[in-house]
Amino acid sequence: MIARVAFCVMLAVSGFAQSSDVFERLKHALAPYGEGEAAAQELAKEHFATVEAMLAKGAALDTPDRAELVSLEGAVAFLARDMKQAITFFGKAAAVAPLKDGDSFTLAMALVVTGEDQRASGILLTLAQKHPRQAIYLYWLGRIDYNLRLYPEAIDKLRKVVELDPKSARAWDSLGLAFDMQGQMEQAYEALKKAEELNRARPYPSAWPPHDLGCWYLRMNQPQEAENVLRESLRFDPKFAPAHYHLGRALEKQGRDGEAVLEYKTAISEDTFSTDACYSLASLYRKLRRNAEANAMFAEYRKRKEVPPSADVTPLRDPQ
């Protein structure tokens with residue numbers, strides 16, 4: 001699982017790629033109030049509270065543009081990573097006038113973050129039926145199926161996505177993960193390898209596809225191959241804790257315990273909620289008869305396990 005904050009950043013890219021330019025919308029909506037340019041400048045500075053206050057003044061009035069102003073309140077709340085507030089604003093806007101497709105998609109993404117998968121699926125299904133050639137809606141329907149462990153359904157949808165968008169690294173990656181969960185290991189490898197290759201060719205590669213391929217190699221007991229792609233993942237994001245953790249596992253399987261210790265330590269420091277790396281490092285310390293360090297790390301593992309799951313955490317992530 002990943003923290004909601006990181007997840008929201010990725011979703012913001014997806015959500016607003018589908019909508020009108022929010023800056024231009026702000027300029028147009030607040031121009032009658034003399035604050036259009038100022039609002040866009042404040043949003044660029046991520047002064048979300050200031051922009052929300054500007055929108056709230058206009059939204060409080062019973063004017064023909066009220067639905068747009070309230071929708072923009074929802075969009076700004078989404079960018080501010082306040083998903084519950086975004087959902088509330090979009091609901092208020094929908095009560096005045098039907099949401100634009102981009103705003104409906106952003107609402108669906110907010111619902112995904114808060115775990116309201118069924119509501120999100122309903123919105124996404126409507127959008128997919130309205131725009132059958134746009135892969136993004138079907139992609140997210142497949143991701144939700146995966147999150148709900150409906151793996152055959154996820155595979156069916158994601159296969160259609162890669163037909164619509166064969167160069168989508170994240171769609172191939174998600175398809176590979178779904179095959180993996182079904183135990184279809186050859187199909188999983190083919191999809192994950194395709195994702196890794198497509199991802200590498202992108203201007204800004206994601207750390208996720210090589211990481212996921214590395215995990216596949218580990219399950220197939222191929223630690224050297226796993227090491228190679230996990231190091232690729234870390235070239236794309238040197239602070240990516242899951243890749244450090246699994247690289248530690250790959251190194252340990254090769255008998256390179258000293259290097260594994262360093263990777264486990266890095267994973268633990270980069271993700272202060274993770275427990276897997278703590279347990280693996282404690283076990284490795286015990287194997288190395290470094291008992292004091294093993295006991296301390298097992299204590300850290302138990303401490304982290306006692307922390308209840310946060311409402312700001314979601315099991316679904318977007319391997320962009």
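Every heavy atom of this structure was used, including side-chain atoms; hydrogens, water molecules and symmetry mates were not. Keep in mind the model is a prediction, meaning the values are calculated, not measured.
- Heavy atoms of other residues, nucleotides or ligands lying less than 6.0 angstrom from NE2 of His28 number 12 at most.
- Of the candidates Asp103, Leu107, Val113, Thr106, Thr106 is the only one forming a side chain to side chain contact (heavy atoms under 4.5 Å, CB included) with Phe78.
- Around atom NZ of Lys193, more than 12 heavy atoms belonging to other residues, nucleotides or ligands sit under 6.0 Å away.
- Between atom CZ of residue Phe179 and atom CD of residue Glu190 there is a gap of 8.5 Å, rounded to the nearest 0.5 Å.
- Under 4.0 Å is where a charged nitrogen must lie from a carboxylate oxygen, and between Asp257 and Arg290 no such pair does.
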For side-chain contact (heavy atoms from CB on, under 4.5 Å), just list the numbers for Gln134 and Leu127, CA-CA rounded to whole Å, side-chain angles, deciding distance to a tenth of an Å, and then say yes or no. CA-CA 9 Å; Gln134 292 191 22; Leu127 290 170; over 6 Å; no

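- Residues Arg200 and Glu197 are not paired through a salt bridge, judged by the lack of any N-O separation under 4.0 Å between the basic side chain and the carboxylate.
- Of the possible donor and acceptor atoms, one in the side chain of Arg304 sits under 3.5 Å from a partner among the backbone N and O of Ser274.
- Under the 4.5 Å side-chain criterion, counting only non-hydrogen atoms from C-beta, Ile268 is in contact with Leu281.
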Cys278 and Lys303: side-chain contact (heavy atoms from CB on, under 4.5 Å), yes or no, with the steps? CA-CA 10 Å; Cys278 294; Lys303 177 182 175 183; over 6 Å; no

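- Remark: Asn291 CG is packed, more than 12 non-hydrogen atoms of other residues, nucleotides or ligands lying under 6.0 Å away.
- For Trp208 and Phe236, the ring centers are positioned 6.0 Å apart or more.
- Atom NZ of Lys287 is surrounded by more than 12 heavy atoms from other residues, nucleotides or ligands within 6.0 Å.
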side-chain contact (heavy atoms from CB on, under 4.5 Å) between Leu79 and Leu43, intermediate numbers included: CA-CA 9 Å; Leu79 287 175; Leu43 183 63; 4.2 Å; yes

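- A distance of 7.5 Å separates CD1 of Ile136 from OG of Ser168, quoted to the nearest 0.5 Å.
- Relative orientation of the Tyr137 and Phe105 rings is perpendicular, given thresholds of 30° and 60° on the angle between their planes.
- Using a cut-off of 4.0 Å between Lys/Arg side-chain N and Asp/Glu carboxylate O, Glu68 and Lys100 are scored as salt-bridged.
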One pair to check against side-chain contact (heavy atoms from CB on, under 4.5 Å): Leu148 and Gln118. What are the steps and the verdict? CA-CA 10 Å; Leu148 296 174; Gln118 295 300 326; 3.9 Å; yes

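- Taking 4.5 Å as the limit, some side-chain heavy atom of Glu232 sits within range of a side-chain heavy atom of Glu196.
- Asp145 has its side chain out of reach of Tyr151: every pair of non-hydrogen atoms, C-beta onward, lies at least 4.5 Å apart.
- The shortest side-chain heavy-atom distance between Tyr217 and Glu227 does not fall under the 4.5 Å cut-off.
- Distance check: Leu175 CG to Tyr146 OH gives 11.5 Å after rounding to the nearest 0.5 Å.
- Side-chain contact between Pro223 and Asn221 is present, with heavy atoms from C-beta onward closer than 4.5 Å.
- Inter-residue side-chain proximity for Met297 and Tyr264 is flagged as unmet; no heavy-atom pair is nearer than 4.5 Å.
- You'll find the side chain of Leu262 stays beyond 4.5 Å of the side chain of Leu251, heavy atoms only.
- Rounding to the nearest 0.5 Å gives a distance of 10.5 Å between CG of Leu247 and NE2 of His211.
- Ionic pairing of Glu35 and Lys57 is present here: one or more N-O contacts between side-chain nitrogen and carboxylate oxygen are shorter than 4.0 angstrom.
- For the pair Asp173/Leu192, a side-chain contact is recorded, criterion being any heavy-atom separation below 4.5 Å from C-beta on.
- Pairing each heavy atom of Ala128 with each of Leu141, the nearest pair is CB-CD1, 4.2 Å.
- Using the six-membered ring where Trp is involved, Tyr279 and Phe298 have ring planes that are perpendicular, over 60° apart on the 30 and 60° scheme.
- The local environment of CD in Glu186 is sparse, with at most 12 non-hydrogen atoms from other residues, nucleotides or ligands closer than 6.0 Å.
- Using a 4.5 Å cut-off between side-chain heavy atoms of Ile, Leu, Val, Met, Phe, Trp and Tyr, with links allowed through other members, Leu61 and Leu30 fall into the same hydrophobic cluster.
- For the pair Ala277 and Tyr245, the tightest heavy-atom approach, listed with the atom from each and the gap, is CA-CD1, 3.6 Å.
- No side-chain donor-acceptor contact under 3.5 Å links Arg249 and Ser280.
- For the residue pair Ala38 and Met54, the shortest heavy atom distance occurs at CB-CE, 4.1 Å.
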